[in-house]
Colleague: 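What follows is a structure written as structure tokens; I'll ask about it next.
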Amino acid sequence: MTTTPHSHEIALIPGDGIGPELVDSAVRVLTAAAGSDVDLRFTTEDAGADTYRRTGAALSDETFTRLRGYAGILKGPVGLPSVRKPDGTEAGLLGGILRGGLDTYVNERPMTLLPGIDRPLRSTEDIDYVIVRENTEGLYLARGLGVGNDHACADQLLMTRPGVERVVRYAFELARRRGGAPADGVRRVTCVDKSNVLRSYAFFRQIFDEIGEQYPDIERDYRYADAAGHDLVANPSHFDVLVMENFLGDILSDVGAATIGGLGMCPAGNIGDSAAYFEPIHGSAPTIAGRDLANPTSQILAAAMLAEHLGEATLAGRVRAAVRAAYASGHIRVLPNGSPASGTKAATQAVIDAFDS
Ligand code: NAD
Ligand code: IPM
Ligand code: MN
């Protein structure tokens, strides 16, 4: 008996800098993994800094409306430091438009140490935690709204009760689905804040406790953000799930990346109740663009998160297993500067070859 393969319409946003080569890698891997089991239909959509330069908008209203119609979105990094607005901020970014516009209130950033990665840490323990970054408010709500003149400038940090409740609840639910921290197997959610200094972060912690009480099976844990930065480097195996305000999550996820082989190892899911999109945590790395130097693992693992989100858990598992196998066998080796030793294309091929092994 033959069955009709599941079919999914997927939007691709290749983006700027290394974006197009990474999205190309991820599509190759996803297509090879899907085989004839899953029918993936890709459509390329135009957005980012180069789009802004050509059209005057980083993403048009028509494109935004179309994006809502896809089953999933795979986005490459966007932005070019030279493309800026009169207020001095970058013009080609999409965070405000997509994270705010699609209300993807969670930015889920798994930090997993793969076999064979040469890491700059003394610890030999495993690293496998997830940063749950609030994605629609916090300091970033001030995006485009800063006030100032030649003498002073201000951006406000805002937390709302429903905004904090929903992201904290997501973190506890995620901890329930995971196997606990590598160090001790304890299911744990760490609240990261600066509630020693700022009222908004004390509010965040208070709501963390209120929600956490509904999850007696999960350990509640606390770190001030500065100490969290230290412990993510010194004792990463302690962590399971961490939840934090938007700006803190931006910074600490790049800190975590440095302990697992660099930014090119790290995918992210922007997840809401009615929309989601998947991308690397890093940017467009313009200085290495087009030179076969970028590590495509972040984008390939973002594609695996997309597959999971589409309900294709087997496909997601196949991609993750092939990535792990390519690292374990030494077919992908990451240099201290974050580039794959044999190049972007060869690293992509190593993952595809791992499907047959
Ligand atoms: P970046 O993440 O692009 O680069 C930081 C460093 O990491 C650079 O040395 C770069 O070469 C390296 N790097 C990044 N990804 C890599 C990969 N896959 N393989 C190997 N090395 C990699 O950060 P940046 O230089 O601060 O920003 C560049 C542009 O990207 C800016 O316009 C910024 O606003 C934008 N940005 C976009 C996103 C996004 O689209 N989600 C995220 C972060 C930064
Ligand atoms: C990220 C990026 C974005 C952020 C920028 C490009 C707007 O650094 O996704 O981590 O700061 O959120
Ligand atoms: Mn960032």
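Whatever order the structure lists them in is the order used to number ligands and atoms, beginning at 1. No hydrogens, no waters, no symmetry mates; every other heavy atom, side chains included, goes into these values.
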Colleague: Which of these passes side-chain contact (heavy atoms from CB on, under 4.5 Å) with Leu174: Val243, Val241, Val189?
Modeller: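 It is Val241; the other options fail the test.
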Colleague: What are the protein N, O or S atoms, given as residue plus atom name, that sit under 2.8 Å from the Mn ion (ligand 3)?
Modeller: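 For the Mn ion (ligand 3), the protein N, O and S atoms that sit under 2.8 Å away are Asp250 OD1.
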Colleague: Any chance the side chains of Gln299 and Ser25 put a donor and an acceptor closer than 3.5 Å?
Modeller: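 No.
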Colleague: Just need the protein heavy atom nearest to atom 16 (C) of ligand 1, so name the residue and atom and give the distance.
Modeller: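 Of the protein heavy atoms, Ile18 CD1, 4.0 Å lies nearest.
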Colleague: Strictly distance-based, threshold 3.5 Å: is any side-chain N or O of Arg220 a donor or acceptor partner for the main-chain N or O of Pro216?
Modeller: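 No, the answer is negative, given that no donor and acceptor are paired below the 3.5 Å cut-off.
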Colleague: Would Arg324 and Thr112 count as having a side-chain donor-acceptor pair, cut-off 3.5 Å?
Modeller: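 No, no side-chain donor-acceptor contact under 3.5 Å.
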Colleague: Is Ser339 close to ligand 1, meaning an N/O of one under 3.5 Å from an N/O of the other?
Modeller: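 N/O-N/O distance under 3.5 Å: no.
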Colleague: Ile281 heavy atoms, cut-off 4.0 Å: which ligand 2 atoms fall inside?
Modeller: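 Close to Ile281: 1 (C), 10 (O).
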Colleague: Closest non-hydrogen protein atom to atom 19 (N) of ligand 1, residue and atom name please, with distance?
Modeller: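 Atom 19 (N) of ligand 1 sits closest to the protein heavy atom Asn295 N, 2.8 Å.
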Colleague: Please report whether atom 24 (P) of ligand 1 has a protein non-hydrogen atom at a separation of less than 4.0 Å.
Modeller: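 No, because not a single protein heavy atom sits under 4.0 Å from atom 24 (P) of ligand 1.
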Colleague: With heavy atoms of Lys75 as the reference, note each atom of ligand 1 found under 4.0 Å away.
Modeller: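 The list of qualifying atoms is 39 (C), 40 (O), 41 (N).
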Colleague: Provide, to 0.1 Å, the distance between atom 27 (O) of ligand 1 and the closest protein heavy atom, together with that atom's residue and name.
Modeller: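 Nearest protein contact, heavy atoms only, for atom 27 (O) of ligand 1 is Gly283 CA, 4.7 Å.
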Colleague: Nearest protein heavy atom to atom 20 (C) of ligand 1, by residue and atom, and its distance?
Modeller: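 So the nearest neighbour among protein heavy atoms is Gly338 O, 3.4 Å.
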Colleague: Taking 4.0 angstrom as the limit and counting only heavy atoms of Glu90, give me the atoms of ligand 1 inside it, by number and element.
Modeller: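 So the answer, numbered in order with elements, is 31 (C), 32 (O), 33 (C), 34 (O).
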Colleague: Would you say atom 41 (N) of ligand 1 touches the protein, meaning some protein heavy atom is under 4.0 Å from it?
Modeller: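 Yes, because at least one protein heavy atom sits under 4.0 Å from atom 41 (N) of ligand 1.
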Colleague: Quick check on contacts: which atoms of ligand 1 are under 4.0 angstrom from a heavy atom of Leu263?
Modeller: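 Here the atoms of ligand 1 in question are 2 (O), 5 (C), 7 (O).
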Colleague: Hey, is the main chain of Glu125 close enough, under 3.5 Å, to the side chain of Ser237 for a donor-acceptor pair?
Modeller: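 Side chain of Ser237 to backbone of Glu125, a donor-acceptor pair under 3.5 Å: no, none is there.
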Colleague: For atom 37 (C) of ligand 1, which protein heavy atom lies nearest, and how many Å away is it?
Modeller: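 Sorting protein heavy atoms by distance from atom 37 (C) of ligand 1 puts Val78 O, 2.9 Å first.
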Colleague: Please say whether Ser298 places an N or O atom under 3.5 Å from an N or O atom belonging to ligand 1.
Modeller: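 No; every N/O pair is 3.5 Å or more apart.
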Colleague: So which heavy atom on Leu301 is nearest to which on Met265, and how close?
Modeller: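 Closest approach of Leu301 to Met265: CD1-O, 3.7 Å.
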Colleague: Measuring from the heavy atoms of Gln299, does anything fall under 4.0 Å of ligand 1?
Modeller: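 The answer is no: ligand 1 sits nowhere under 4.0 Å from a heavy atom of Gln299.
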Colleague: Does any N or O of ligand 1 fall below 3.5 Å from an N or O anywhere on Asn337, backbone included?
Modeller: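 Between Asn337 and ligand 1, no N or O pair is found under 3.5 Å apart.
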Colleague: For a salt bridge (Lys or Arg N to Asp or Glu O under 4.0 Å) check, start with the C-alpha distance between Arg320 and Glu308, then their side-chain angles and the critical distance, and finish with the verdict.
Modeller: CA-CA 11 Å; Arg320 291 190 180 114; Glu308 185 108 47; 2.7 Å; yes
Colleague: Under 30°, 30 to 60°, or over 60°: which ring-plane class applies to His309 and Phe278, parallel, tilted or perpendicular?
Modeller: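 Plane angle between 30° and 60°, so tilted.
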Colleague: To the nearest 0.5 angstrom, please state how far the CD1 atom of Ile131 sits from the CE atom of Met111.
Modeller: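 Ile131 CD1 to Met111 CE: 4.5 Å, rounded to 0.5 Å.
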Colleague: Which ligand 1 atoms does Gly264 reach within 4.0 Å, using its non-hydrogen atoms?
Modeller: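 Under 4.0 Å from Gly264, ligand 1 has these atoms: 17 (C), 18 (N).
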Colleague: Take every heavy atom of Gly262, measure it against each atom of ligand 1, and state whether any distance is under 4.0 Å.
Modeller: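 Flag not set, Gly262 not near ligand 1.
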Colleague: For Arg99 and Val106, indicate whether the former's side chain and the latter's backbone hold a donor-acceptor pair under 3.5 Å.
Modeller: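 Flag not set: sc Arg99 to bb Val106 has no pair under 3.5 Å.
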Colleague: Give yes or no for whether the N/O distance cutoff of 3.5 Å, strictly under, is met between Tyr140 and ligand 2.
Modeller: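 The answer is yes, given that Tyr140 and ligand 2 share an N or O pair closer than 3.5 Å.
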Colleague: Provide, to 0.1 Å, the distance between atom 5 (C) of ligand 2 and the closest protein heavy atom, together with that atom's residue and name.
Modeller: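 For atom 5 (C) of ligand 2, the nearest protein heavy atom comes out as Leu93 CD1, 4.3 Å.
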Colleague: Heavy-atom contacts with Leu80 under 4.0 Å: which atoms of ligand 1 show up? List them by number with element.
Modeller: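 Here the atoms of ligand 1 in question are 32 (O).
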Colleague: To check you understand the geometry: which heavy-atom pair defines the closest contact between Val319 and Leu30, and what is its length?
Modeller: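 Taking every non-hydrogen atom into account, CG2-CD1, 4.1 Å.
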Colleague: Which atom names give the shortest non-hydrogen contact between Asp217 and Arg187, and what distance separates them?
Modeller: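 Scanning both residues, the minimum pair turns out to be O-CB, 4.3 Å.
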Colleague: Check if Ile281 has a non-hydrogen atom at a distance under 4.0 Å from any atom of ligand 1.
Modeller: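 Yes.
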Colleague: Please report which non-hydrogen protein atom sits nearest to atom 3 (C) of ligand 2, along with the residue it belongs to and the distance in Å to one decimal place.
Modeller: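 Here the nearest protein heavy atom works out to Arg99 NH1, 4.1 Å.
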Colleague: Can you find an N or O of Thr287 that's nearer than 3.5 Å to an N or O of ligand 1?
Modeller: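 So ligand 1 has no N or O lying under 3.5 Å from an N or O of Thr287.
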Colleague: For ligand 2, does Asn107 get within less than 4.0 Å through its side chain, its backbone, both, or neither, judged by non-hydrogen atoms?
Modeller: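 None of Asn107 does.
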Colleague: Could you name the option among Glu90, His282, Arg143, Arg109 that has the heavy atom nearest to atom 1 (C) of ligand 2?
Modeller: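 The option holding the nearest heavy atom is Arg109.
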Colleague: Could you tell me whether Ile288 approaches ligand 1 through its side chain, its backbone, both or neither, with non-hydrogen atoms closer than 4.0 Å?
Modeller: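 Near ligand 1, Ile288 shows its side chain, while the N, CA, C and O stay back.
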Colleague: Counting distance only, does the side-chain N/O of Asn270 pair as donor-acceptor with the main-chain N or O of Ala276 below 3.5 Å?
Modeller: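 Between the backbone of Ala276 and the side chain of Asn270 there is no qualifying donor-acceptor contact (under 3.5 Å).
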Colleague: Determine whether Glu134 and Thr136 satisfy the following criterion, side chain to side chain donor-acceptor pair (under 3.5 Å), listing intermediate values before the conclusion.
Modeller: CA-CA 6 Å; Glu134 202 292 320; Thr136 52; 2.8 Å; yes
Colleague: How are the rings of Tyr140 and Phe247 set to each other: parallel, tilted or perpendicular (split at 30° and 60°)?
Modeller: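 Tilted, since the angle between the ring planes falls between 30° and 60°.
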Colleague: Determine, counting only non-hydrogen atoms of the protein, whether one lies under 4.0 angstrom from atom 30 (O) of ligand 1.
Modeller: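 There is a protein heavy atom less than 4.0 Å from atom 30 (O) of ligand 1.
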Colleague: Please check if any side-chain donor atom of Tyr105 sits under 3.5 Å from a side-chain acceptor atom of Asp273, or the reverse.
Modeller: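 Side-chain D/A pair, Tyr105 to Asp273: present.
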Colleague: Would you mind running through ligand 1 and noting each atom that sits below 4.0 Å from a heavy atom of Glu279?
Modeller: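 Every atom of ligand 1 under 4.0 Å from some heavy atom of Glu279: 41 (N).
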Colleague: What protein heavy atom sits nearest atom 8 (C) of ligand 1, and how far away is it?
Modeller: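 Here the nearest protein heavy atom works out to Ala285 CB, 4.8 Å.
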Colleague: Centres of the Phe208 and Tyr222 rings: under 6.0 Å?
Modeller: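 Yes, ring centres under 6.0 Å apart.
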Colleague: Indicate yes or no: does Asp24 engage Arg28 in a salt bridge with an N to O separation below 4.0 Å.
Modeller: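 Looking at Asp24 and Arg28, the cut-off is met.
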Colleague: Regarding Asp155 and Arg143, does a basic nitrogen lie under 4.0 Å from an acidic carboxylate oxygen?
Modeller: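 Between Arg143 and Asp155 there is no salt bridge, as every charged N stays at least 4.0 Å from the carboxylate O atoms.
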Colleague: With the threshold set at 4.0 Å, does a side-chain nitrogen-carboxylate oxygen contact exist between Arg223 and Asp193?
Modeller: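 Result for this pair is no, no salt bridge flagged.
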Colleague: For atom 28 (C) of ligand 1, which candidate among Gly79, Ala294, Pro286 provides the closest heavy atom?
Modeller: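 Answer by nearest heavy atom: Pro286.
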